[in-house]
Amino acid sequence: MHRQQTYRRGLAGAVAAGCLLAIAACSSSGSTSAGGSASAASSPSGSGSDVASVAYAKQQLAKYSGPSPAFTAPGPALKNVASLRGKVVYYVPIGLTVPYFQIVLSGLRGAAAAVGLTVRPCDPAFSPSGVAQCLTEAANQKAGAVITDSIPPAFAQQAINNLESKHIPILVAEEGSAPSTDELAYNSPPTELMTSLAADWIIAESNGTGDIVLPEVTDTAASIGYVEGGAIKEIHAHCSGCKLTVLKTNTEQLSNLPSLISTALVQDPHVGYVLSEFDSDVSAVIHGLQTVSAARGVKVSSINGVLSDLQYISQGNFQAEDTGDNGYQMGWSDIDQVLRLMLGQPVVTDEHVGIRVFTMANVAGLTLTNQAADTGQWYGTGDFKQVYEKLWGVG
């Protein structure tokens, strides 16, 4: 079953704005649970021996712990890209203040400049009306294309219908890979793989015997799918000796996450790991851990790979693992898809966006600055830029 990718990047800012309750009401197609409820701790039956499972987890981590391999073209070369010079592409993430979206915007601008496009960001500030206003502005300004980010189409369907009526192509980023049309396509990194790698790190680090707390955000089928199709599935399949406690919560109640974490630690002082669904939740997780003496040795894993969380790893501040995707490269891949839409050429199914497992072992050699984050240098050489430029006929 296709799993959409909703609010992956915008949770922290959305909580501050207090707006995602309305968003969740529009987009949730799966069952949700009341915030703060905890599933019964489970020790699922694994497949194969514990030794084999730990070996498997270590192999997965080794595969994704280094820089991204040489980039291969995601699809055929484009024709007549020069005809698009001067056009404006709107970028509308759910909230532009989220650090990850700033990295994507940096990639979008770099890629757009290579082909003579202009990127115009519009910030809806986590507001339903703000999204509609941004998309309406793009339509009124006769944009060449629109890229939304972490906004499910159902949330702004009327505005999207308006764009489609004007034959303005739309790229829906970070929302899975639903079937595309001539004017609407999808582009996302492999989020479920990323959460499964966060689980693999715990399996390997605990030698297959970890007591794990996992806060699951139940706002939408997407947020549920990230961990149930990734981390939870991985633990069930490869860690029969693990004890997993899932804390079901929702975005509106994420301010209660520190108390949920501390309560879980009081109830089970043997917990050694917290698997956070998003980097944006990690600071709240750490706050909860800091209030319980039994949590001194607890280690946190997460996904997204933003600067603050890699700094937590380098400082030894509870977080010990983070699986990230190259947001700068994501921006280039978004432009590739948009060019294909604007030219009436078929979009590709996989843009090969790089992911990487970060731990103390490889974070120690990274430059942990905003500039480094904004250029994607943590993930490798950036050879994808030359490949894309050749595809676009501008290299």
Tell me, do F358 and Q319 make a side-chain contact under 4.5 Å, heavy atoms counted?
no

Hydrophobic cluster membership, with links at side-chain heavy-atom distances under 4.5 Å among I/L/V/M/F/W/Y: are [X] and [Y] in one?
{"X": "V282", "Y": "I313", "answer": "no"}
{"X": "V357", "Y": "L368", "answer": "no"}
{"X": "M194", "Y": "L310", "answer": "no"}

Any Lys/Arg nitrogen of [X] or [Y] sitting under 4.0 Å from an Asp/Glu carboxylate oxygen of the other?
{"X": "K299", "Y": "E205", "result": "yes"}
{"X": "K58", "Y": "D200", "result": "no"}
{"X": "E277", "Y": "K248", "result": "no"}

Could you check whether the rings of F71 and F384 sit parallel, tilted or perpendicular, using 30° and 60° as the cut-offs?
perpendicular

Is the backbone of [Y] close enough, under 3.5 Å, to the side chain of [X] for a donor and an acceptor to pair up by distance?
{"X": "T136", "Y": "Q133", "result": "no"}
{"X": "T367", "Y": "T369", "result": "no"}
{"X": "Q102", "Y": "L96", "result": "yes"}
{"X": "T118", "Y": "V88", "result": "no"}
{"X": "T195", "Y": "Y226", "result": "yes"}
{"X": "N362", "Y": "S65", "result": "yes"}
{"X": "Q345", "Y": "K79", "result": "yes"}
{"X": "D383", "Y": "A70", "result": "no"}

Taking atom [atom1] of [X] and atom [atom2] of [Y], what is their separation to the nearest 0.5 Å?
{"X": "E183", "Y": "L163", "atom1": "CD", "atom2": "CG", "value": "9.5 Å"}
{"X": "D182", "Y": "E164", "atom1": "CG", "atom2": "CD", "value": "10.5 Å"}
{"X": "Q329", "Y": "D336", "atom1": "CD", "atom2": "CG", "value": "11.0 Å"}
{"X": "L171", "Y": "D334", "atom1": "CG", "atom2": "CG", "value": "5.0 Å"}
{"X": "E192", "Y": "I303", "atom1": "CD", "atom2": "CD1", "value": "10.0 Å"}
{"X": "I168", "Y": "L135", "atom1": "CD1", "atom2": "CG", "value": "10.0 Å"}

For L197 and I355: C-alpha separation, side-chain torsions, deciding distance, then whether side-chain contact (heavy atoms from CB on, under 4.5 Å) applies.
CA-CA 10 Å; L197 287 167; I355 65 173; 3.9 Å; yes

Minimum heavy-atom distance [X]-[Y], with the two atoms named:
{"X": "M330", "Y": "S188", "value": "CE-CA, 3.7 Å"}
{"X": "A295", "Y": "F318", "value": "O-CE2, 3.2 Å"}
{"X": "L341", "Y": "L184", "value": "CD2-N, 4.2 Å"}
{"X": "G130", "Y": "P124", "value": "C-CB, 3.3 Å"}
{"X": "W378", "Y": "G305", "value": "CZ3-O, 3.5 Å"}
{"X": "W332", "Y": "A111", "value": "CD2-CB, 3.4 Å"}

If we count only N and O atoms by modelled type, under 3.5 Å, do the side chains of [X] and [Y] hold a donor and an acceptor together?
{"X": "D149", "Y": "Y91", "value": "yes"}
{"X": "N161", "Y": "Q157", "value": "yes"}
{"X": "Q337", "Y": "Y186", "value": "no"}
{"X": "Y100", "Y": "D325", "value": "yes"}
{"X": "D268", "Y": "T245", "value": "no"}
{"X": "S302", "Y": "D279", "value": "yes"}
{"X": "E321", "Y": "Y273", "value": "no"}
{"X": "S129", "Y": "S127", "value": "yes"}

Going through the distances and angles, do E137 and C122 end up as a side-chain contact (heavy atoms from CB on, under 4.5 Å)?
CA-CA 9 Å; E137 177 186 323; C122 186; 4.2 Å; yes

Step-by-step side-chain contact (heavy atoms from CB on, under 4.5 Å) determination, E175 to F155
CA-CA 12 Å; E175 285 292 309; F155 173 52; over 6 Å; no

Quick one: which of L108, N187, L105 gives a side chain to side chain contact (heavy atoms under 4.5 Å, CB included) with I147?
L108

Worked verdict on L289 versus S262 for side-chain contact (heavy atoms from CB on, under 4.5 Å):
CA-CA 6 Å; L289 293 174; S262 60; over 6 Å; no

With a 6.0 Å cut-off (strictly less than), is the heavy-atom count around NE2 of H352, excluding the residue itself, greater than 12?
yes

Determine whether the aromatic ring centres of Y379 and Y328 lie less than 6.0 Å apart.
no

